[in-house]
**Q** 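This is the structure, below, for whatever I ask next.
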Amino acid sequence: MAKDTSKGPRHVAIIMDGNGRWATQRGRPRLFGHHAGARRVREVVRACPDLGVKYITIFAFSTENWKRTQVEVAGLMSLFRRYITKEAKALHDENVRVRFIGDRVRLDKKLIDLMDELEELTKDCTKVNLTIALNYGGRDEVARATKRLAEDVAKGILKPETVDEETLPRYLDTRVLPDPDLVIRTSGEARISNFLLWQSAYSEYEFIDTLWPDFSAEELARLVKSYGKRDRRFGAVPA
Ligand code: FPP
């Protein structure tokens, strides 16, 4: 019998926090935690179809993460290159469409090429939509979108009087994605850290204590189930 996923979240977004602490607790360097975190991404993406989750968006690297040590930043960039190279075939075989959001300008050419290739390779995949936020910041995204919108006004393509809240999302990196229904942050911190600021205006939030490398498909299933019991009103009064 088909599962009733009608009340489940269609789009789940995750702030994968706690890799550093997880590694420190084990007396290992922070990058050890990031590698363990990358393995969780695989498990969580695989779990999505059965849970009725059609879109999953993960925060891999923020516009603020450049402030970390050079060793950690270089290690993360190398991990992203490795992840894409190693996972590309499996993602394609599992019918996962991969997209990247964020500003690519500060990323190295080799990584950008790999991102482009993975987007191209998976462009016809339909089972799950995985979006990886890399050098992403919500404010930065809105600023870049506003700049493009202003350019269209200057070119006469867009009239200022027609700009409303439907207009800006068409310029955001996420323009082809629905807004997230559920945003999860691991590791006990209760803040959104510049993630999907515009898009999560009406999202439900789950702040959980689990450190990201300990997160599992079972925990995602529990959160999806608990989301189904929530009453989303979008500002209206219940019927
Ligand atoms: C936050 O933990 C995590 C990050 C900044 C990096 C997230 C990256 C991964 C999970 C690696 C895999 C991702 C992909 C797409 C392959 P933290 O370092 O801030 O942890 P802490 O708060 O305990 O220090």
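For the numbers below, each heavy atom of this structure counts, side chains included, while hydrogens, waters and symmetry mates do not. Whatever order the structure lists them in is the order used to number ligands and atoms, beginning at 1.
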**Q** Using the six-membered ring wherever Trp is involved, compare the ring planes of Phe32 and Trp22 and label them parallel, tilted or perpendicular (cut-offs 30° and 60°).
**A** parallel
**Q** Show which atoms of ligand 1 fall inside a sub-4.0 Å distance from at least one heavy-atom site of Asn65.
**A** 5 (C)
**Q** Please write down residue, atom name and distance for the protein heavy atom closest to atom 4 (C) of ligand 1.
**A** His34 CE1, 3.9 Å
**Q** Please list the nearest protein heavy atom to atom 9 (C) of ligand 1 with its residue and the distance rounded to 0.1 Å.
**A** Asn19 ND2, 3.6 Å
**Q** Would Tyr83 count as a polar contact of ligand 1, with the cut-off being nitrogen or oxygen pairs under 3.5 Å?
**A** no
**Q** For atom 3 (C) of ligand 1, what's the nearest protein heavy-atom neighbour? Residue, atom name and distance, please.
**A** Met16 O, 3.1 Å
**Q** Looking only at N/O atoms, are Trp212 and ligand 1 under 3.5 Å apart anywhere?
**A** no
**Q** Could you say whether the N/O atoms of Asp17 and ligand 1 ever approach to under 3.5 Å?
**A** yes
**Q** Is a side-chain donor-acceptor pair under 3.5 Å present for Asp179 with Trp198?
**A** no
**Q** What atoms of ligand 1 come closer than 4.0 angstrom to any heavy atom of Leu79?
**A** 11 (C)
**Q** When the ring planes of Phe61 and Phe80 are compared, do they come out parallel, tilted or perpendicular, using 30° and 60° as the limits?
**A** perpendicular
**Q** Could you check whether any side-chain N or O of Thr146 sits under 3.5 Å from a backbone N or O of Val142, counting only pairs where one atom can act as donor and the other as acceptor?
**A** yes
**Q** Closest by any non-hydrogen atom to atom 18 (O) of ligand 1: pick that one out of Gln25, Arg30, His35.
**A** Arg30
**Q** Please state which option from Ser187, Ser193, Ala60 has its nearest heavy atom closest to atom 6 (C) of ligand 1.
**A** Ala60
**Q** Strictly by modelled atom types, are Ser226 and Glu206 linked by a side-chain donor-acceptor pair under 3.5 Å?
**A** yes
**Q** Quiz question: by atom type and distance under 3.5 Å, do the side chains of Arg185 and Ser193 form a donor-acceptor pair?
**A** yes
**Q** Begin from the C-alpha positions of Asp173 and Arg144 and carry the test side-chain contact (heavy atoms from CB on, under 4.5 Å) through to its verdict.
**A** CA-CA 9 Å; Asp173 298 349; Arg144 286 185 288 105; 2.7 Å; yes
**Q** At under 4.0 Å between heavy atoms, is it the side chain or the backbone of Arg68 that contacts ligand 1, or both, or neither?
**A** side chain
**Q** Of all heavy-atom pairs between Val73 and Arg68, which one has the smallest distance, and what is that distance?
**A** CG2-O, 3.8 Å
**Q** In a check of salt bridge (Lys or Arg N to Asp or Glu O under 4.0 Å) between Glu87 and each of Arg42, Arg82, Arg81, Arg39, which one passes?
**A** Arg42
**Q** What protein heavy atom sits nearest atom 20 (O) of ligand 1, and how far away is it?
**A** Gly20 N, 3.0 Å
**Q** What residue and heavy atom of the protein are closest to atom 13 (C) of ligand 1, and at what distance?
**A** Phe80 CE2, 3.9 Å
